[in-house]
Amino acid sequence: MKSQTLKDTATALFADNKGLLAMDESNPTCNRRFASLGIPQTVEARRAYRELIVTTPRLGECIGGAILYDETIRQQKRDGTPFIKVLIEAGIVPGIKVDAGAKELAGHLGEKVTEGLDGLRDRLAEYLQMGARFAKWRAVIAIGDGIPSRGSLEANAHALARYAALCQEVGLVPIVEPEVLMDGEHTLEQCYEATDELLRTVFSELFAQRVMLEGMILKPNMVLPGLACTRQETVDEVADATVNCFLRAVPAAVPAIAFLSGGQPAELASARLNAMNARFKSRLPWAVAFSFSRAIQQPALEIWKGQDSNVLAAQQALYHRAYCNQAARAGQYSGAMEKK
Ligand code: 13P
């Protein structure tokens, strides 16, 4: 195992309070977001949008790594420069989503399991050769009546651990992403319980598959009430519940926890990340960071709308969100930073 390489990559991703930019939406997900804004759902529109992102001036000051999708890692700027080269020159480490998506779990109505282990060793070798230095695999867990079941937690955790071990074998840092979804009426306490059980199951499987904790990154959900829950806790209450949950369930050897945003409004995601760092800084054994997609990209996408003339303004919005989240890592974000 390439232990030192893995540790070095994990450190580089989060140096100087930087975090990750997830830009690995699958084509169907990207098309859905484009459709809601009237942007054409074409290969060229997706390429142009990803060019906007990777060429954002000074992005590398706040973003240590970018997670790409198979289509994107093979694409180039309009002038022919590969996106991978653009990122590396900006000081941003390229990563790649390698799971094949979440499919219905047999015998478990309403639950999913992430697929993609078959042939993964060969695909990882190809991505490494292309320049990727880390990878991502996402498992999704819903909360509902009798859900999550033990069977779905174990199936998803096992797949995450098998994926992580294969990544480390070839020298790619695995981002292990177990996500409890925000959809539903569940309370913050129910999210806490589901997240706690999920994390314990994931780390048990990671241990069984001999994954080196120092050479992986955890990408979890924050502990939040469901989107349709009538009681929505304050920023500080969310920060306290989230950090307490992770202090109990995540080993200190893990170098960083990089939260997903999961559909939270962008400014709220920054405020919650900030509160975790501001309130717990001296007690945190791992970096508490971000790996946001929507909470970094959405404002920029809404400005761009597929128009060349909006590229500069969209890039400024993208940089602003990355900058705010870097400040949140240091516990130095405030709502005043949002005043235009
Ligand atoms: P969001 O931040 O939009 O949840 O996306 C993160 C991600 O990478 C989902 O897999």
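Atoms within a ligand are numbered from 1 in the order they appear, just like the ligands themselves.
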Without placing hydrogens or testing angles, list every side-chain donor-acceptor pair under 3.5 Å for residues 305-312, not counting sequence neighbours.
{"residue": "Lys305", "atom": "NZ", "partner": "Glu302", "partner atom": "O", "Å": "3.2"}
{"residue": "Asn310", "atom": "ND2", "partner": "Ile303", "partner atom": "O", "Å": "3.1"}
{"residue": "Asn310", "atom": "ND2", "partner": "Trp304", "partner atom": "O", "Å": "3.1"}

Can you name the side chain to side chain contact (heavy atoms under 4.5 Å, CB included) partners of Thr187, sequence neighbours left out? Glu189, Gln190, Cys229
Residues clustering with Leu268 (ILVMFWY side chains joined when closer than 4.5 Å, directly or via others): Val235
Please check if any side-chain donor atom of Ser270 sits under 3.5 Å from a side-chain acceptor atom of Arg321, or the reverse. yes
Return the protein residues near ligand 1 (heavy atom under 4.0 Å from any of its atoms), ordered by chain and residue number. Ala22, Asp24, Lys136, Arg138, Glu177, Lys219, Leu260, Ser261, Gly262, Ser291, Phe292, Ser293, Arg294
Closest heavy-atom contact between Arg329 and Phe14? NH1-O, 2.8 Å
Salt bridge Glu169-Arg121, side-chain N to carboxylate O under 4.0 Å: yes
